[in-house]
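Predicted model, so just to flag it, every value in this text is computed and none were measured. Positions are given from 1, in the same order as the sequence printed here.
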Amino acid sequence: MPFLLRKLDRRAAFHPVPWIEDGDVQADALYDLRTHGNELSVWMVPEDHSNLERVVAALAAARNSLDKLDYALIDLDVVRVLGIRVVKKKGNSRDEQANELWHQDLTGLSGAKIVELAFRMRTEASFVRVPKGDVGSAIVKSIRDGFIDPDRIEASLKKALPPERDPEPAALPQV
């Protein structure tokens, strides 16, 4: 079954803490589940993770600087069981083809559904941190492969990218 990827800014907010009761989640976790029009942007990742490096590069290439990238992967079935609709919509990354192929929105979200999603992510998602160097390598590879137009990347990020080397797959952490 495929997974849904959500980029995170506050990964630690999903970790259990002693004062949070079972069945609950830290309020700060909701920061990473900010909605726009009651929709939440996510990316479809197949079971074999074949597009994972490219999605990471697409998301990271929209930033102003090179840094680590944190994300959560949750099974699509877990989201569907919550009654959340998953709708294919064009994304807003620097990889136009990825925007068309893999971007999705979780739609019709209520406050209760977001809280339940946060809890299910805390208990059932895989949380991954991609180190800064691997993020840079993934962006460089996507540029080299023609997926990302370097003219659409901020100058500050472009300047921080590692020099292009012989093609090697980025060593993204596996979940």
Side-chain angles (χ1 to χ4, degrees), residues 1-16 20-26 28-62 68-131 134-135 137-139 141-142 145 147-148 168-175:
M1 181 52 75
F3 297 93
L4 296 176
L5 179 148
R6 175 68 184 176
K7 184 178 77 65
L8 304 174
D9 294 321
R10 298 181 179 179
R11 178 179 78 154
F14 286 92
H15 296 188
I20 294 286
E21 297 177 13
D22 287 342
D24 205 351
V25 65
Q26 293 184 57
D28 287 349
L30 301 181
Y31 177 85
D32 279 319
L33 301 178
R34 299 180 304 284
T35 61
H36 299 284
N38 299 306
E39 296 182 346
L40 184 69
S41 174
V42 296
W43 295 82
M44 189 72 68
V45 174
E47 193 170 348
D48 66 0
H49 297 167
S50 55
N51 67 345
L52 186 57
E53 178 182 20
R54 193 160 155 202
V55 169
V56 165
L59 291 168
K68 67 185 176 348
L69 188 129
D70 290 329
Y71 64 84
L73 276 180
I74 189 163
D75 192 298
L76 176 61
D77 280 344
V78 171
V79 174
R80 287 188 173 150
V81 164
L82 297 175
I84 296 173
R85 289 186 319 251
V86 181
V87 177
K88 189 172 189 170
K89 287 193 178 177
K90 185 176 180 184
N92 192 25
S93 78
R94 298 299 187 257
D95 182 329
E96 288 301 322
Q97 189 179 31
N99 291 338
E100 296 285 344
L101 292 173
W102 303 309
H103 185 266
Q104 313 282 316
D105 276 347
L106 305 184
T107 65
L109 294 170
S110 66
K113 283 185 180 180
I114 284 290
V115 170
E116 181 63 21
L117 177 61
F119 174 71
R120 296 295 290 268
M121 286 175 68
R122 181 177 77 81
T123 59
E124 299 183 44
S126 299
F127 293 90
V128 178
R129 170 165 285 165
V130 182
D134 293 342
V135 169
S137 296
I139 295 171
K141 182 177 186 299
S142 278
D145 292 346
F147 300 130
I148 294 176
E168 287 180 33
L172 293 181
Q174 295 298 309
V175 284

Asker: Please round to the nearest 0.5 Å and tell me the distance separating atom OG of Ser41 and atom CG of Leu5.
Answerer: 9.5 Å
Asker: Kindly compute the distance separating CG (Asp9) from OH (Tyr71), expressed to the nearest 0.5 Å.
Answerer: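 So the CG of Asp9 and the OH of Tyr71 are separated by 15.5 Å.
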Asker: Counting only N and O atoms by type, is there a donor-acceptor contact under 3.5 Å from the side chain of Asp145 to the main-chain atoms of Phe147?
Answerer: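 Checked: no pair found.
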Asker: Between Trp43 and Asn99, is there a side-chain heavy-atom distance shorter than 4.5 Å?
Answerer: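 Yes - at least one pair of side-chain heavy atoms lies under 4.5 Å apart.
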Asker: Check whether any side-chain N or O of Arg80 sits under 3.5 Å from a backbone N or O of Val86 as a donor-acceptor pair, and report yes or no.
Answerer: no
Asker: Does Asp32 offer a backbone N or O that forms a donor-acceptor pair with the side chain of Arg6 under 3.5 Å?
Answerer: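 Pair found, side chain donor or acceptor close to backbone of Asp32.
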Asker: Could you tell me whether Glu96 and Lys90 have a side-chain N and a carboxylate O separated by less than 4.0 Å?
Answerer: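 Lys90 and Glu96: salt-bridged.
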Asker: Could you grab the distance from atom CD1 of Ile74 to atom CG of Leu4, nearest 0.5 Å is fine?
Answerer: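 Separation between the atoms: 8.0 Å.
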Asker: Hey, could you give me the NZ/CD1 distance between Lys141 and Ile148, rounded to the nearest 0.5 Å?
Answerer: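 Separation between the atoms: 11.0 Å.
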Asker: When rounded to the nearest 0.5 angstrom, what is the spacing between CG in Asn38 and CG in Leu106?
Answerer: 12.0 Å
Asker: Can you tell me how far CG of Leu73 sits from CD of Glu124, rounded to the nearest 0.5 angstrom?
Answerer: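 If I round to the nearest 0.5 Å, the distance is 13.5 Å.
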Asker: Indicate whether any N or O donor in one side chain lies under 3.5 Å from an N or O acceptor in the other, for Asp95 and Ser93.
Answerer: no
Asker: Hey, is the main chain of Gly83 close enough, under 3.5 Å, to the side chain of Lys113 for a donor-acceptor pair?
Answerer: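 Yes, the answer is positive, given that a donor and an acceptor are paired below the 3.5 Å cut-off.
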Asker: Taking Met44's backbone N and O only, do any of them form a donor-acceptor pair with Asn51's side chain (distance below 3.5 Å, no angle check)?
Answerer: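 Judged by distance alone, yes, a pair lies under 3.5 Å.
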Asker: Examine distances only and state if a side-chain atom of Glu39 and a backbone atom of Thr107 form a donor-acceptor pair shorter than 3.5 Å.
Answerer: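 Pair absent, no side-chain N/O of Glu39 close to backbone of Thr107.
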